[in-house]
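Below you'll find the structure, written out as structure tokens, and then a few comments.
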Amino acid sequence: MTEARHTPRVFSGIQPSGGLTLGNYLGAMKRFVDMQDDGSETLYCMVDLHAITVWQDPAKLARATRELCAGYLASGLDPARSILFNQSQVPEHAQLAWIFNCVARMGWMQRMTQFKDKAGKNAQNASLGLFAYPALMAADILAYHATHVPVGEDQKQHLELTRDIAAKFNHDYEVDFFPLTEPVIEGAATRVMSLRDGSKKMSKSDPSDMSRINLTDDADTIAKKIRKAKTDPEPLPAEVEELEGRPEARNLVNIYAALSAQSVEQVMRDCGGKPFSEFKPMLADLAVETLAPISSEMARLMQDEAEIDRILAEGAARARAIATPILRETFKIVGMVGA
Ligand code: TYM
């Protein structure tokens with residue numbers, strides 16, 4: 001009911017916390033590009049306010065924000081078709097997040113697995129921002145009445161919380177104002193795993209650089225990491241079901257499928273029976289073919305920071321034009337005088 005009332009609008013974000021991985025690319029950026037031409041308005045954010053929930057060196061944060069913007073552009077996002085901006089430049093995110101801090105319950109936040117993972121054993125020492133992180137994320141999405149959010153599997157719980165916040169706000173204030181946003185978690189690579197351990201997510205924070213492919217890795221490094229990726233001694237099976245219990249094999253097949261825009265079934269049909277000594281070089285070639293132009297384009301774009309800043313400023317102005325009336329209406333609903 002709520003969804004139908006809202007014009008389809010896509011929002012997603014990535015933290016500029018340094019080091020984009022193949023997981024970010026396949027789970028998010030590539031899919032952002034795919035959705036750019038689906039006919040909906042698309043907004044893609046560099047969530048710098050989220051990044052500082054853990055310590056960030058200021059100069060590195062600024063560089064990572066520009067590098068992420070370069071990554072978006074190099075992957076195929078077009079500032080004429082998508083709104084690209086950094087979160088801190090649209091104050092409505094932080095303002096709406098405050099309202100949502102007052103809607104969300106402590107218990108909801110305490111259940112968030114990402115908080116538990118990131119805070120580790122010493123949760124008392126985590127920042128208050130890290131705890132409230134999902135309320136800011138809900139604000140990112142709902143400040144635009146976004147209806148669809150493409151993300152990787154690890155963000156699912158946060159998106160469920162976004163729906164809970166929208167529903168509680170609508171219920172408490174007796175309005176039908178915020179949409180119940182749909183997570184879009186689709187494709188073969190919604191959870192790209194570590195190359196060293198098929199039970200762990202590929203992540204920029206893994207201490208081993210061999211566990212991940214970085215978007216800035218050169219061709220030799222990519223090939224070496226794939227060659228050394230952990231596997232089992234069996235050749236690839238011809239049926240998807242037979243990948244059961246073989247997480248490392250499954251992961252490489254998923255990556256291959258996502259990079260080549262094929263289904264996992266198709267890859268199995270073509271590659272079933274091949275030993276890894278044959279499959280890994282095929283995968284390495286495909287990864288290099290896809291990533292090398294992205295990393296060289298990122299390096300080129302990073303030569304012109306002024307142009308990146310111009311794109312971000314223009315994106316922020318366009319984003320504000322959407323978020324300002326939604327925030328004003330939210331304030332009115334809540335009873336803020338002057339809104
Ligand atoms: P972040 O910055 O950790 O990751 C950005 C995006 O990359 C996806 N991703 C992966 N997908 C598949 N396999 C992997 N190994 C992998 N690693 C990362 C993530 O799922 C995500 O889609 N909280 C978010 C950022 C955020 C956001 C938002 C997202 C803030 N506000 C509003 C959507 C809407 C985050 O930390 O993503």
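Atom set for the values below is all heavy atoms of this structure, side chains included, hydrogens, waters and symmetry mates excluded. When a ligand or atom number is given, it counts from 1 through the structure's own listing order. Quick note: residue numbers are just sequence positions, from 1.
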Check: Is the distance between the ring centroids of F178 and F100 less than 6.0 Å?
Finding: yes
Item checked: ligand 1-proximal atoms of N24, by part, heavy-atom distance under 4.0 Å -> both
Check: Stepwise, does the side-chain contact (heavy atoms from CB on, under 4.5 Å) test hold for E186 with R31?
Finding: CA-CA 9 Å; E186 284 170 2; R31 298 174 51 236; 4.2 Å; yes
Margin query: Suppose we measure from atom 12 (C) of ligand 1 to each protein heavy atom; which comes out shortest, and what is that distance?
Written below: T190 O, 3.3 Å
Checklist line | Under 4.0 Å to a heavy atom of I141 - the qualifying atoms of ligand 1, by number | finding: 32 (C), 34 (C)
Notebook entry, point to check: In the protein, which heavy atom is nearest to atom 13 (N) of ligand 1, and how far is it?
Noted result: V192 N, 2.8 Å
Margin query: Counting non-hydrogen protein atoms only, what is the nearest one to atom 19 (C) of ligand 1? Give residue, atom name and distance.
Written below: D154 OD1, 3.3 Å
Checklist line | Step-by-step side chain to side chain donor-acceptor pair (under 3.5 Å) determination, E92 to T324 | finding: CA-CA 7 Å; E92 284 77 6; T324 304; 2.9 Å; yes
Item checked: Polar proximity ligand 1 side, G23 side, N/O cut 3.5 Å exclusive -> yes
Item checked: Distance flag, aromatic centroids of Y133 and F115, threshold under 6.0 Å -> no
Next item on the list: Could you walk me through whether R269 and Q266 pass side chain to side chain donor-acceptor pair (under 3.5 Å), step by step?
Entry: CA-CA 5 Å; R269 268 199 299 277; Q266 182 68 49; 3.0 Å; yes
Notebook entry, point to check: Aromatic ring centroids of F177 and H6 under 6.0 Å?
Noted result: no
Check: ligand 1 versus S17, non-hydrogen atoms closer than 4.0 Å: side chain, backbone, both, neither?
Finding: neither
Notebook entry, point to check: Tell me, which protein residue and heavy-atom name are nearest atom 35 (C) of ligand 1, and how many Å apart are they?
Noted result: Y133 OH, 3.4 Å
Check: Where does the angle between the aromatic ring planes of F11 and H93 fall among parallel (under 30°), tilted (30 to 60°) and perpendicular (over 60°)?
Finding: tilted
Checklist line | Chi angles and distances behind the side-chain contact (heavy atoms from CB on, under 4.5 Å) call for Y72, I14 | finding: CA-CA 10 Å; Y72 277 163; I14 297 183; 3.6 Å; yes
Margin query: Which of the numbered atoms in ligand 1 are under 4.0 angstrom from any heavy atom belonging to G152?
Written below: 11 (N), 19 (C), 20 (O), 22 (O)
Check: Against heavy atoms of V149, which atoms of ligand 1 measure under 4.0 Å?
Finding: 33 (C), 34 (C)
Check: Which atoms from ligand 1 have a heavy atom of A189 less than 4.0 Å away?
Finding: 12 (C)
Notebook entry, point to check: What atoms of ligand 1 come closer than 4.0 angstrom to any heavy atom of G27?
Noted result: 11 (N), 12 (C)
Next item on the list: Answer yes or no: is there a donor N or O on one side and an acceptor on the other, between the side chain of Q36 and the main chain of D78, under 3.5 Å?
Entry: yes
Notebook entry, point to check: Identify the closest protein heavy atom to atom 28 (C) of ligand 1: which residue and atom is it, and at what distance?
Noted result: M137 CG, 3.4 Å
Checklist line | For atom 2 (O) of ligand 1, closest protein heavy-atom neighbour | finding: Q15 N, 2.9 Å
Next item on the list: Tell me which part of T21 gets within contact of ligand 1: side chain, backbone, both or neither, using heavy atoms under 4.0 Å.
Entry: neither
Margin query: If I apply the N/O under 3.5 Å rule, does F11 come out as touching ligand 1?
Written below: no
Margin query: Suppose I only count heavy atoms of R191 and a 4.0 Å limit; which atoms of ligand 1 are within that range?
Written below: 12 (C), 13 (N)
Next item on the list: Show your working on side chain to side chain donor-acceptor pair (under 3.5 Å) between S199 and D197 and close with a plain yes or no.
Entry: CA-CA 5 Å; S199 68; D197 176 352; 2.7 Å; yes
Check: What protein heavy atom sits nearest atom 33 (C) of ligand 1, and how far off is it?
Finding: S12 OG, 3.5 Å
Next item on the list: Could you list the atoms of ligand 1 found under 4.0 angstrom from a heavy atom of I14?
Entry: 2 (O), 5 (C)
Next item on the list: Test ring-ring contact (aromatic ring centres under 6.0 Å, His included) on Y256 and F279 and set out the steps.
Entry: CA-CA 10 Å; Y256 191 95; F279 182 67; 5.3 Å; yes
Next item on the list: Assess the pair F169 and Y173: is the distance between their ring centroids shorter than 6.0 Å?
Entry: yes
Checklist line | Full working for side chain to side chain donor-acceptor pair (under 3.5 Å) between Q157 and T113 | finding: CA-CA 8 Å; Q157 196 186 30; T113 53; 3.1 Å; yes
Check: Do side-chain atoms of K280 reach the backbone of R227 as a donor and acceptor pair under 3.5 angstrom?
Finding: yes
Next item on the list: Compute the shortest N/O to N/O distance between D140 and ligand 1 and return yes if it is under 3.5 Å, no if not.
Entry: yes
Next item on the list: Pick one of side chain, backbone, both or neither for how V151 approaches ligand 1, counting any non-hydrogen atom pair under 4.0 Å.
Entry: both
Checklist line | Under 3.5 Å side-chain donor-acceptor pair for N254 and N251 | finding: no
Notebook entry, point to check: atom 25 (C) of ligand 1: which protein heavy atom is closest, and how many Å away?
Noted result: G13 O, 3.6 Å
Notebook entry, point to check: What atoms in ligand 1 come closer than 4.0 Å to a heavy atom of A28?
Noted result: 6 (C), 7 (O), 22 (O)
Notebook entry, point to check: Heavy atom under 4.0 Å from ligand 1: found in V47's side chain, backbone, both, or neither?
Noted result: side chain
Note to self: Using a 3.5 Å cut-off on N or O atoms only, is Q155 in polar contact with ligand 1?
What the structure shows: yes
